[in-house]
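Note that the coordinates shown come from a computational prediction; the quantities given were computed from them, not determined experimentally. Worth knowing before you read on, the calculation uses all heavy atoms, side chains too, and leaves out hydrogens, waters and symmetry mates. Proteins get letters first, then strands, A, B, ... in listed order; numbering begins at 1 in each.
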Amino acid sequence: EAGVAQSPRYKIIEKRQSVAFWCNPISGHATLYWYQQILGQGPKLLIQFQNNGVVDDSQLPKDRFSAERLKGVDSTLKIQPAKLEDSAVYLCASSSSGGATDTQYFGPGTRLTVL
Amino acid sequence: AQSVTQLGSHVSVSEGALVLLRCNYSSSVPPYLFWYVQYPNQGLQLLLKYTTGATLVKGINGFEAEFKKSETSFHLTKPSAHMSDAAEYFCAVRGISGDGGYNKLIFGAGTRLAVHP
């Protein structure tokens, strides 16, 4: 079974530029998550989708971050404009139903450096 | 609100020695607890989880953890460390909210385990 795919793996941009990340979850998984992992910290949930609807985006900085999940499969996370403090690894995860005890399967992440 | 504290950002052990990674949580209700491992340049992988039932949980690669409600702890152990265990380990909690729903997964800051010959 293929795992969670993410691209690109690395991205370097200047502050105030835009960037987009792509995620393809495990086939059949209804729930998709985007996490931000700053160096030295644990992952922090940015947004959770159930199929193509948003379940939780309370920690998403909506003035600059946006995310969508078209047709309940792939998802993109966009940052516009980027700030220095956005430098982090962005992790995508998926789970079968989003239940409290569901296992979340993580992709390898996209490492973003903002200069 | 739920929170997780991992004591020790770095732990170093000799190959063959006991591994003990500490995790304490705060939750107003019995939580669901998880340990994830992250190898360099890879995503997180579930090691084990506690939901209900037996408080001693066995996971992959010989790891186990014990849920101790009285101590609000969920420490991760392995009797004998291998070089391949070198990685970062994250404890996470998912609490149940008052309306019967559940909260997001909250991760600790992680503990980096080094294993030396």
Side-chain angles (χ1 to χ4, degrees), chain A residues 1-11 21 23-26 29 31-50 54-60 88-113, chain B residues 1-10 21 23-25 27 29-53 57 59-60 67 87-112:
Chain A
E1 176 182 82
V4 177
Q6 291 188 246
S7 68
R9 292 295 312 275
Y10 304 91
K11 191 74 178 178
F21 313 128
C23 172
N24 182 238
I26 292 173
H29 278 192
T31 312
L32 186 147
Y33 314 79
W34 281 103
Y35 288 87
Q36 180 191 58
Q37 186 179 15
I38 293 172
L39 188 64
Q41 300 180 21
K44 181 185 80 173
L45 181 69
L46 292 176
I47 188 166
Q48 176 182 341
F49 292 95
Q50 186 73 17
V54 175
V55 173
D56 184 346
D57 64 355
S58 57
Q59 297 189 105
L60 187 74
V89 176
Y90 290 85
L91 296 165
C92 179
S94 69
S95 67
S96 59
S97 65
T101 60
D102 255 14
T103 296
Q104 294 186 22
Y105 296 87
F106 285 79
T110 297
R111 182 176 299 275
L112 173 67
T113 302
Chain B
Q2 286 76 35
S3 66
V4 177
T5 302
Q6 292 185 242
L7 296 177
S9 58
H10 290 82
L21 304 182
C23 172
N24 289 88
Y25 68 90
S27 176
V29 295
Y32 298 143
L33 295 158
F34 305 79
W35 274 100
Y36 280 84
V37 61
Q38 186 175 32
Y39 298 102
N41 297 315
Q42 294 185 28
L44 281 73
Q45 178 185 5
L46 181 69
L47 275 177
L48 49 80
K49 62 183 175 183
Y50 169 78
T51 55
T52 58
V57 181
I60 62 172
F67 168 57
E88 187 142 25
Y89 292 80
F90 292 93
C91 182
V93 62
R94 197 162 193 176
I96 310 299
S97 62
D99 62 0
Y102 53 89
N103 297 330
K104 60 178 68 68
L105 204 56
I106 305 297
F107 286 88
T111 296
R112 186 168 298 278

Output the distance between atom CZ (B:Phe34) and atom OG1 (A:Thr103), rounded to the nearest 0.5 Å. 7.0 Å

Less than 4.5 Å to any heavy atom of chain A: does that hold for the side chain of B:Leu44, its backbone, both, or neither? both

Ranking A:Gln104, A:Arg111, A:Gln59, A:Gln48 by heavy-atom pairs under 4.5 Å to chain B gives rank one to A:Gln104

Exceeds 12 heavy-atom contacts within 6.0 angstrom, atom CG of A:Leu39: no

If you look at every heavy atom in B:Arg94 and A:Ala100, which pair is closest and at what distance? CD-O, 3.5 Å

Nearest 0.5 Å, please: how far is CG in A:Asp56 from NZ in B:Lys104? 4.0 Å

For the student: nearest non-hydrogen atoms of B:Phe90 and A:Gly42, plus distance: CE2-CA, 3.6 Å

At a 4.5 Å cut-off on heavy atoms, which part of B:Gln6 comes close to chain A: side chain, backbone, both, or neither? neither

Residue, of A:Gly99, A:Gly40, A:Gly107, A:Cys92, that accumulates the most heavy atom pairs under 4.5 Å with chain B: A:Gly99

How long is the span from the OH atom in B:Tyr36 to the CZ atom in A:Phe106, to the nearest 0.5 Å? 5.0 Å

Residue part contacting chain A, namely of B:Tyr39, when any heavy atom lies under 4.5 Å: neither

Chain A contact via B:Tyr50 - which portion, at a heavy-atom distance below 4.5 Å: neither

What's the separation between atom CG in B:Leu46 and atom OH in A:Tyr105, rounded to the nearest 0.5 Å? 7.5 Å

What's the separation between atom CG in A:Asp102 and atom NZ in B:Lys49, rounded to the nearest 0.5 Å? 6.5 Å

Looking only at heavy atoms and a cut-off of under 4.5 Å, which of A:Ala93, A:Gly109, A:Ser58, A:Gly98 has the most pairs with chain B? A:Gly98

